[in-house]
Amino acid sequence: MVQNRIISWYLQNKRSLPWRNTENPYFIWISEIILQQTRVAQGLPYFERFVAQYPTIFDLAAAPEDEVLRLWQGLGYYSRGRNLHQTAKYIVEHHKGVFPNSYQEIISLKGVGPYTAAAIASFAFKERIPAIDGNVLRVISRILRIESPIDSPVTQKEIRNIAEEWISTVEPDTFNQAMMEFGAIQCTPKAPLCETCPVQVYCLSYPDKAYLNLPFKAKKTKIQERELYYKIYRKGNQYLLKQRKNSDIWKSLYDFPEGKPETYLKEYPTATHLLSHRKLQIHFYACEPSEQADEGTWFTLDEIEELPKPKVIDDFIRKKLI
DNA sequence: AATGCGGGGCG
DNA sequence: CGCCCAGCATT
């Protein structure tokens, strides 16, 4: 059976990861939120810093939001950090700090969707429910040669049904860990290690290399360009920053007031920043403080260091251009 | 069903 | 350069 092959592969090849050595739902929750759309290598140091700074859900709930977002800085998708903090406060306030213990309750938490709820419910509470992430979609679509669009709910439902069948005869937590690890290490998006694959004999897409085109994605990613203009005001050793509040990129983080100035003291070299679906052209202008008509708060460089900022702003300041 | 949300790494 | 990563919320 496929699932037993993958599980025994997992038991021999699994990486040692800190969130695998605990059944504390709080730690597992933190790790799963961090790992949404994020590689293990990138998320690992953030997880270590979070659990060191906030050993319990009470510590996280008591922290100021800016501090949580400062810890999140550089990881992206900042609504994850805001939701993490909000949900910690909610659980402390309404559940005495006790993490909910069923899939149905867990999925009602902010920032927790079907994948994350299944992961927490199976890892922390051994609930029998498949956690289906990008790895699992890829692994199953290849093994069973499912060529319908992976980005369609119908196809994903089909894969869910298969995963529910596979998980029914094995340890659910081990199964979920094994499927994801197998996708991350063996059945990789590019150049999968088919020659040493324990599932090769079952894999319907191996004989004619159909796996090269699986999973099949119907939609293409399109990159849009966007220009940002920043006005830098300095009064002595203080700079004017404002917190982004609208529903836009970098919500809740601090940056300079936006806008193209009429006059300016100096223009800095334009920075180009590549994001997933966007290319940012960023212009910085040093402006005359007497012309300042923008909202914001004045901060010293030492204070700015403690504020959560977008990567581009942090890079700019770190280069000591101002 | 479609779109927006970051940043990093890889071929 | 395009694609993908232990996805989710909003519309």
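Since the structure is predicted, the reported quantities are computational estimates derived from the model, not experimental observations. Residue numbers begin at 1 in each chain, while the letters A, B, ... track the order of the sequences.
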Counting any heavy atom closer than 4.0 Å, what does [X] reach on the DNA or RNA strands: base, sugar-phosphate only, or nothing?
{"X": "A/S152", "value": "nothing"}
{"X": "A/R80", "value": "base"}
{"X": "A/D248", "value": "sugar-phosphate"}
{"X": "A/V112", "value": "sugar-phosphate"}
{"X": "A/R138", "value": "sugar-phosphate"}
{"X": "A/I223", "value": "sugar-phosphate"}
{"X": "A/K251", "value": "nothing"}
{"X": "A/W19", "value": "base"}

Name all residues meeting the salt bridge (charged side-chain N to carboxylate O under 4.0 Å, His left out) criterion together with A/E147; count only those two or more places apart in sequence or in a different chain, and write none if there are none. A/R145
Whole-Å distance separating the [atom1] atom of [X] from the [atom2] atom of [N]:
{"X": "A/F216", "N": "C/dC3", "atom1": "CZ", "atom2": "P", "value": "12 Å"}
{"X": "A/Q37", "N": "B/dG4", "atom1": "CD", "atom2": "C1'", "value": "12 Å"}
{"X": "A/K217", "N": "C/dC4", "atom1": "NZ", "atom2": "C1'", "value": "7 Å"}
{"X": "A/R15", "N": "C/dC5", "atom1": "CZ", "atom2": "P", "value": "13 Å"}
{"X": "A/L137", "N": "C/dC3", "atom1": "CG", "atom2": "C1'", "value": "16 Å"}
{"X": "A/N213", "N": "C/dG2", "atom1": "CG", "atom2": "C1'", "value": "16 Å"}
{"X": "A/Q224", "N": "C/dG2", "atom1": "CD", "atom2": "C1'", "value": "16 Å"}
{"X": "A/R142", "N": "C/dC4", "atom1": "CZ", "atom2": "C1'", "value": "11 Å"}

Nearest-Å distance once atom [atom1] is located in both [N] and [M]:
{"N": "C/dT11", "M": "B/dG6", "atom1": "P", "answer": "16 Å"}
{"N": "C/dC3", "M": "B/dT3", "atom1": "P", "answer": "15 Å"}
{"N": "B/dG11", "M": "C/dA6", "atom1": "P", "answer": "15 Å"}
{"N": "C/dC4", "M": "B/dC5", "atom1": "C1'", "answer": "16 Å"}

Measuring to OP1 and OP2 of C/dA6, would you say a side-chain N or O of A/W29 lies under 4.0 angstrom away? no
Distance check: side-chain N/O of A/S79 vs OP1/OP2 of B/dC5, anything under 4.0 Å? no
Taking only Lys NZ, Arg NE, NH1 and NH2, and the carboxylate oxygens of Asp or Glu, determine whether A/R244 and A/D248 approach each other closer than 4.0 Å. yes
Does A/I304 offer a backbone N or O that forms a donor-acceptor pair with the side chain of A/K309 under 3.5 Å? yes
Between A/P153 and A/Q36, just flag the one whose closest nucleotide in DNA chain B comes earlier from the 5' side. A/P153
Is the distance between the ring centroids of [X] and [Y] under 6.0 Å?
{"X": "A/F99", "Y": "A/W29", "answer": "yes"}
{"X": "A/Y285", "Y": "A/Y268", "answer": "no"}
{"X": "A/W9", "Y": "A/F182", "answer": "yes"}

Under 3.5 Å, is there any donor-acceptor pair linking the side chain of A/T38 to the base of C/dG7? no
Name the closest nucleotide to the A/Y77 side chain, picking from C/dA6, B/dG7, C/dG7. C/dG7
Taking the side chain of A/N135 as heavy atoms from C-beta outward, which of B/dC5, C/dG2, C/dA6 is closest to it? C/dA6
When you look at A/F50 and A/W72, which way does the ring pair (Phe, Tyr, Trp, His ring centres under 6.0 Å) test go after all the steps? CA-CA 9 Å; A/F50 258 84; A/W72 201 270; 5.7 Å; yes
We want to know whether A/H283 and A/E227 form a side-chain donor-acceptor pair, criterion being a heavy-atom distance below 3.5 angstrom. yes
Give a yes/no verdict on a cation-pi contact between A/R80 and A/Y77, requiring under 6.0 Å between NZ or CZ and the six-membered ring centre and an angle within 45° of the axis. no
Could you list, one pair per line, each protein nitrogen or oxygen that sits under 3.5 Å from a nitrogen or oxygen of nucleotides 8-11 of chain B, together with the distance?
from, atom 1, to, atom 2, distance (Å)
B/dG8, N2, A/R39, NE, 3.4

